[in-house]
Amino acid sequence: MKADNRGILIVFSGFSGAGKGTVMQRLLEQYKDQYALSISATTRPPRPNEEDGREYFFKTRKEFEKMIEKNELIEYALYVENYYGTPKAYVEEQLSAQKDVILEIEIQGALKVKELFPDTLLLFVAPPDARTLQERLTGRGTEDVSAVGARLSRAAEEAAYMDAYDYLVINDTLDECVRQVHSIIRNEHRRVSRNREFISKIKEELKSVPKGDET
Ligand code: 5GP
């Protein structure tokens with residue numbers, strides 16, 4: 001059963017190379033009726049396997065700044081010299097349609113979203129250890145050596161903010177990681193603070209339900 005009316009807003013963050021994208025892809029394949037993944041806008045150039053409107057909406061710096069001006073983004077951040085931001089309209093629409101909306105965003109953005117919407121669920125995905133992260137980043141071959149270095153430095157800075165998250169999942173085995181993420185979200189729906197309408201309703205019903213000792 002769903003929590004009251006709207007879906008849950010979920011932020012999924014993790015160091016670059018932690019496998020966030022793969023975890024998300026698998027989660028959405030397995031539970032496509034429950035989740036909606038927000039597609040961000042970015043000024044980063046597309047990687048060879050990426051398509052506009054699928055991984056990101058690829059924008060020029062000018063276009064991105066226009067979106068900021070027009071207040072079309074929930075949040076945005078500068079990450080290793082490029083802008084990344086979450087378009088507002090899709091998130092609103094999907095939450096109203098009772099979908100759990102996932103934002104796969106970095107830490108500055110995550111903290112902004114939590115400030116704006118305090119009941120956001122913050123999940124952090126980490127690799128089993130730092131060496132694995134380095135190997136994954138080098139192995140995927142989409143960034144040159146200096147970009148890999150910049151992403152590792154950024155990871156070291158980001159680690160300082162991990163404490164602000166609600167849950168930590170380790171991406172060691174993909175299937176197990178996906179199972180844990182889904183299970184955390186499912187449990188989150190049962191949180192009392194997300195079921196206020198149900199609680200008020202049953203309290204009212206219990207006041208008026210016929211009770212055996214009154215007959
Ligand atoms: P990448 O270039 O590897 O696709 O993404 C770099 C970082 O930007 C990742 O940590 C990713 O989660 C983050 N990111 C992607 N979209 C957004 C967004 O809309 N807002 C923020 N704040 N970060 C984002």
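We count ligands from 1, going down the list as the structure has it; atoms in each ligand are counted the same way.
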Check whether NZ of the Lys or CZ of the Arg K112 lies under 6.0 Å from the centre of the six-membered ring of Y76 and within 45 degrees of that ring's axis.
yes

Can you tell whether the side chains of E197 and K201 come within less than 4.0 Å, N to carboxylate O?
no

Among the clusters formed by ILVMFWY side chains lying less than 4.5 Å apart, do V80 and F64 turn up in the same one?
no

Does E51 have any salt bridge (Lys or Arg N to Asp or Glu O under 4.0 Å) partners at least two apart in sequence or in another chain, and if so, which?
R54

Among residues at least two apart in sequence or on other chains, which ones pass side chain to side chain donor-acceptor pair (under 3.5 Å) with Q94?
none

If you look at each N/O of ligand 1, which protein N/O atoms lie under 3.5 Å away, and at what distance?
residue	atom	partner	partner atom	Å
ligand 1	2 (O)	R44	NE	2.6
ligand 1	2 (O)	Y84	OH	2.6
ligand 1	2 (O)	R151	NH2	2.9
ligand 1	3 (O)	R47	NH2	3.0
ligand 1	3 (O)	R151	NH1	2.8
ligand 1	4 (O)	R44	NH2	2.9
ligand 1	4 (O)	Y56	OH	2.5
ligand 1	5 (O)	Y56	OH	3.3
ligand 1	12 (O)	E104	O	3.2
ligand 1	16 (N)	S40	OG	3.0
ligand 1	19 (O)	S40	OG	2.7
ligand 1	19 (O)	E75	OE2	3.4
ligand 1	19 (O)	G85	N	3.2
ligand 1	19 (O)	G85	O	3.0
ligand 1	19 (O)	T86	N	3.3
ligand 1	19 (O)	T86	OG1	3.3
ligand 1	20 (N)	E75	OE2	2.7
ligand 1	22 (N)	E75	OE1	2.9
ligand 1	22 (N)	E106	OE2	2.6
ligand 1	23 (N)	E106	N	3.1

Residues which pass side chain to side chain contact (heavy atoms under 4.5 Å, CB included) with L78, listed by chain and number, not counting sequence neighbours
R61, Y83

